[in-house]
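Working notes, structure below.
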Amino acid sequence: MSSAAGIAPYSDDQAESARMIRDSAAGYATDVARARALRFTNPGFSKDTFREMGELGWIGLAVPEAAGGSGLGMVELVTLSEELGRGLAPEPVIPATLSALLLAEAGETELLGQLLAGEAVVLTAWQDRAATLKPCLDAAATRRFIPMAAGATHFLVPTEAGLTVVEAAGADLVTEPTNDGGNLGTLRPKTYQSVGQATLGPALDKAALATAAYLLGGMEAAFAMTLAYLNTRQQFGRIIGTFQALQHKAVDVKVQIALTRAAVEQAAAALDAGTTGDAASALVSRAKARASEASMIVGQMCVQLSGGIGYTDDYDVGLYLRKAMTLAPLFGGAALHRARFVQLSPETEDA
Amino acid sequence: MSSAAGIAPYSDDQAESARMIRDSAAGYATDVARARALRFTNPGFSKDTFREMGELGWIGLAVPEAAGGSGLGMVELVTLSEELGRGLAPEPVIPATLSALLLAEAGETELLGQLLAGEAVVLTAWQDRAATLKPCLDAAATRRFIPMAAGATHFLVPTEAGLTVVEAAGADLVTEPTNDGGNLGTLRPKTYQSVGQATLGPALDKAALATAAYLLGGMEAAFAMTLAYLNTRQQFGRIIGTFQALQHKAVDVKVQIALTRAAVEQAAAALDAGTTGDAASALVSRAKARASEASMIVGQMCVQLSGGIGYTDDYDVGLYLRKAMTLAPLFGGAALHRARFVQLSPETEDA
Amino acid sequence: MNAIAGTEPEDLNALDDDSFRLVVRRWIEANYPPELRNPPKRLHWEENNPWYFKLAEKGWLCPGWPREYGGLGLGPIKQIIFTEELERWGCARSNDHGIIMLGPLLIRYGSEEQKKYYLPKILSGEHVWCQGYSEPNSGSDLASLRTSAVLDGDEYVVNGQKIWTTLASDANWIFLLVRTDPTAKKQEGISFLLVDMNTPGITVRPIINLEMHDEFCEVFFDNVRVPKANLVGQLNKGWDMAKALLSFERIYLGSPRQSAYALTRLKQLAEKMGVFEDPSFATTYAKLRTDFEDLKALYGRYVEVLKRGQPLGADVSQLKIVQSELFQRITETMMAIAAENAGLMEPMEGNRNLNPAGLYIQARPTTIYGGTSEIQRNIIAKNVLGLPG
Amino acid sequence: MNAIAGTEPEDLNALDDDSFRLVVRRWIEANYPPELRNPPKRLHWEENNPWYFKLAEKGWLCPGWPREYGGLGLGPIKQIIFTEELERWGCARSNDHGIIMLGPLLIRYGSEEQKKYYLPKILSGEHVWCQGYSEPNSGSDLASLRTSAVLDGDEYVVNGQKIWTTLASDANWIFLLVRTDPTAKKQEGISFLLVDMNTPGITVRPIINLEMHDEFCEVFFDNVRVPKANLVGQLNKGWDMAKALLSFERIYLGSPRQSAYALTRLKQLAEKMGVFEDPSFATTYAKLRTDFEDLKALYGRYVEVLKRGQPLGADVSQLKIVQSELFQRITETMMAIAAENAGLMEPMEGNRNLNPAGLYIQARPTTIYGGTSEIQRNIIAKNVLGLPG
């Protein structure tokens, strides 16, 4: 569709690897009906599908081979997440990836094995309040906003003493429904033993970047639907896609998507090329800030461009907006990540 | 042109009074060529015209009759200012009005008489720095941003001790050219005797509101030119005003102008109806915030809608943008006035 | 005469505006069911009818109707005050299509028989009306409607489909725009028909919208037979009648009430989230508040036009643009400061007024319904600015 | 061979990109006249020619031209690095229409005679060229041009008017698009002609723009006689040749350099005004900085396309939209924080880099020239999104 769309800052090997991921995820990327059917169920996703995804190696995609993962990079995780976002797959692959990275670093093997196989659903309960990027390490603090918590078998609770594991059965957990048909959990603490040490920052960054990619995939799918609508719907005796005002709005959507892709793929490539520390976090922050903001803009513009039909729950475009409403703030929203970017990133050179 | 355009929150008497003002200012309101010719001259305006405006009673329009003024209200001052803005009249009628109000309150009659007659050009040097609404009363402080200072005969310098008068001849004054072809002065202090006491707040509010109205008149004139251009210019074999994207931009300009008029006239009517104190200041702040912001938006949109020709100095639309660039921040820009509005205005009732 | 309660209502027009406001306010506060204040969604008939009947009993159901037809005969300003007071107290909007749309239309265009038959039944709540204008393929282009009514003996036979019919599942009557002359140009050949929803051949299917609410419906007509007497006004002149009623809609849709409600919620949310100390939020909030006050000032000018008994021009469309876009911006700000809470379906921690996502979603269609923002801009460009077609 | 200096230039293509960058950087820093860094306005020939001749002498005037024609024969990435280094040091843009536009066109479409005659004179600075494309009634609709060239014996007789001719008053030659077949459809019947500005019948009138600068000119042609040999390429095929050169312009106009420059100025201004402590400004600044970095990332993707030797598609238009609108937003923010200083014509307190109004005005035409933002959006809607005409 456009000359630069296919030119990521990826090597030929990375591009080939990404293509293979895309192919393997094609089934989920197109099955929005599956995602629709799972909305507002308990736990809001399919445990069978989660297990299949484990079998496909997706939960351990970015986990080192030594720890039982596939040892692939962020390019692959980002590509997978994008495809999952296209199909609105509700399975908590990204939160599970975060947990897998932490368990691998902590050297815990048993639960990690179950998680990578998709048999255990291990979610990390890292935040104690809204609008923060700082993991809470206070063992006594209530943990909030745990995505898809209703389906968890275990929670990872990072504490000063190390990473602790909480079994979901018997945990003091409350879940609230979210607009995408899933749920967010609040977990009141109990005391557990540490299973090892793990640094949260880099793993949270990877989850944030993957979430940005998920939102990117969703934006593209919603926009494709919207373009198709603009190309068929008639009003006042004309295809509405001929109206210049709507054309220009569509272009603005396209630009937001292009900027998101540029930021997401730049960050993925840089992380895989060995960028770490503040420089890596700054790139991730830019990608997540853009994706969080763009997904809301794109979602609401696609609803607007779809007119009345866009406001019905039957029409899939709305599902993408509801997903953006839920995911845009997770792992940090636009304002938070922009502030972090400025803090972490050196100024541009004086001109 | 529109049903609500003619319906100000004015009484019939006020509307009639405003109409008379409009008629008497018609010559200046349409003579943009006069304003163009005076740009970048010294002092940037015509002293003869200033005297004529004094003879027409404009400098003392809102000054009490007892002090030698016309004793009219803000409705009239706002109407006059709007017409002056339409014609981009560079004469410092609004700054002179501010000075006249202060001299009248202080009980100074001689200089006031000369000012009202347009023989003296008395400008108030009230601010010591950029981006403030708070008058500086430190007698030793340098005063800045005095509009059209190059043409002043006297400066009023408010101090803790009272209002002091500085003759321009021999004053330590530096002027810098402004984008509208006028100038801003910086005055270093000398010690003078007070001529009496005056409260700056209400007078500054009136100057701010009048400036908002001046900007409003300018916006309407620039927009009228732009509409005429859209209705005649052809590209791609069509009148460009038929392009929906340009039509919608034009509507956005129209909306900004409508909101400015609503805010300005509401404030003028309220002040004349006896609103004082914080409530009055809040209304003025809203009007000036809107006018400052809208004048920039409207100015730049009109340049954009006029295409290449809009970027030439020969074309009058650019003059309105340059005027907005200069006047929008004077007596407080949008951000400053919005912050003051929130501070002064009670919250809307809970719904 | 008051057609329902049988008692003469007080002459509220004799009161000055401030006294009138107080009378209305006191009565609302004393009589409105407290559990229904600020409902997060449009209420259904069964939830709302206690209040509906209370208004009817008081004789205040149709404040805008002339007194001879059972209304209060209020002037435009008192009507606006009346509405403001309802909104101030967070009263639910009632099933008001009979009251707001059909009543005034019948009073103006209906036959004496129609007035005598239908108006009392609206006032009593016996007839609950819905409005059948939009169709799947018309949308903002109302004049392209295709639902047909063909005369067969003494009855019209109606076939077609309406959509976005607000609360059709609660209504027992529907007023329809139907095409009665298929050969005429778009706006011509359209007639106005009153249809009993219990007539065989009518199917109502609720549409779940983005609020997960069934406020709107599709209504299907399959050989529905409607007595000829149910035609209002002249045959093929329905478009003009419906259009005459729309100018009211345009100022109604430009009322600042939605933005006022949202701004209050934003303030409460900001307090809860503790963001008022953040000067960055303070700047955003200041902008929204001044934008709101400017909208109110602009709205006030149109009210003034009504007050002076003058017609509203096409420029009233700008009110709807400003109000709907402001309402949306306020709710977008709510979503931003709500952070992770923005994802929640239900109100935050039991305060049903704090539902950022709900309000955000509610704000979405305001730039679509009643003519999209694009349509409004087209109208202003052509009819107000005089730009070429 | 180096056509001018007579010495073989080093083979800069043999260097790796980083070394190349350093070589270029060192030479620029050592040779660029310091008083010309970051000029607030486009320089005239008499101001800029010392630097022009210094580049020519070094053999670096035309880095993109093949070596056989006196260029450096740099690949696209090295060309971009070269430009980046010039921009980094704040080097003035030279009178470059001969270098950037005409040279490549002659190399591709010119006759051997034309190449031999004109190219060396560009490299030597003897011919300073300007570009005569736009006309008063064409603007963004270039194909509607009307300046005519009619063959009379061995000469074309040119009549008409060009406008927005950058630095025409500095040029001694102009390349023109002229209509040679008045009966053909718009894009057809246009030819490409080289004209000596000293030919009788040419009048140049500078246009003062909003920057109060005479960068642009009108050029009038009154029976100007041009030798037939000055036609480049085929008769009536000028449009295609000119268009082939425009894809370069599209990525050039999308380069982040203007935004980069403005962002640095914004930072300096914010420090001077003491607004960095204001979190409200910090939020605005963070948004502009991330927008800028995202633009750079997007730009980098198109550079990558060039690097791989692939053609740029129509979607490159989005770069220009993003860059020009960001540049404008940055300067609007400058105006807001400059407060009363925003009115000043001259730079603030002697620092010529801090001229908010100047930069704000400079940013205005970026959404107009090179195809307005509206035109760019039309192109993307039709050619990239596939929306109907």
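Just so it is clear, the values below take in all heavy atoms, side chains as well, and ignore hydrogens, waters and symmetry mates. Sequence lines set the chain letters: A, B, ... in the order given, protein chains first and strands last, and positions in each chain run from 1.
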Evaluation steps, side-chain contact (heavy atoms from CB on, under 4.5 Å), between B:Gln300 and D:Glu332 | CA-CA 10 Å; B:Gln300 67 203 26; D:Glu332 286 156 23; 3.1 Å; yes
Are the side chains of [Y] and [X] in contact, using a 4.5 Å heavy-atom criterion?
{"X": "D:Phe216", "Y": "B:Thr312", "answer": "no"}
{"X": "B:Arg322", "Y": "D:Leu210", "answer": "yes"}
{"X": "D:Met345", "Y": "B:Met325", "answer": "no"}

With rounding to the nearest 0.5 angstrom, report the [atom1] to [atom2] distance, [X] to [Y].
{"X": "B:Asp313", "Y": "D:Ile361", "atom1": "CG", "atom2": "CD1", "value": "9.5 Å"}
{"X": "B:Gln304", "Y": "D:Ile368", "atom1": "CD", "atom2": "CD1", "value": "4.5 Å"}
{"X": "D:Ile163", "Y": "B:Ile309", "atom1": "CD1", "atom2": "CD1", "value": "6.0 Å"}
{"X": "D:Ile375", "Y": "B:Gln235", "atom1": "CD1", "atom2": "CD", "value": "6.5 Å"}

Search all heavy atoms of [X] against all heavy atoms of [Y] and return the closest pair with its distance.
{"X": "B:Asn179", "Y": "D:Leu344", "answer": "ND2-O, 3.1 Å"}
{"X": "D:Met273", "Y": "B:Ala130", "answer": "CE-CB, 3.9 Å"}
{"X": "D:Glu374", "Y": "B:Ala245", "answer": "CG-CB, 4.4 Å"}
{"X": "D:Gln362", "Y": "B:Tyr311", "answer": "CA-OH, 3.8 Å"}

Which atoms of [X] come close to chain D, meaning under 4.5 Å heavy atom to heavy atom: side chain ones, backbone ones, both, or neither?
{"X": "B:Tyr315", "answer": "neither"}
{"X": "B:Gln127", "answer": "side chain"}
{"X": "B:Arg39", "answer": "side chain"}

Among D:Pro365, D:Ala338, D:Ser280, who wins on heavy-atom pairs under 4.5 Å with chain B?
-> D:Pro365
For D:Ala336, is it the side chain, the backbone, both, or neither that has a heavy atom closer than 4.5 Å to a heavy atom of chain B?
-> neither
Could you give me the CA-CA distance, side-chain angles and deciding distance for D:Tyr360 and B:Leu321, then say whether side-chain contact (heavy atoms from CB on, under 4.5 Å) is met?
-> CA-CA 11 Å; D:Tyr360 170 81; B:Leu321 176 58; 3.5 Å; yes
Has B:Arg238 got more than 12 heavy atoms of other residues, nucleotides or ligands less than 6.0 Å from its CZ?
-> yes
Could D:Glu340 and B:Arg129 be called an ion pair, given the rule that one side-chain N must be under 4.0 Å from one carboxylate O?
-> no
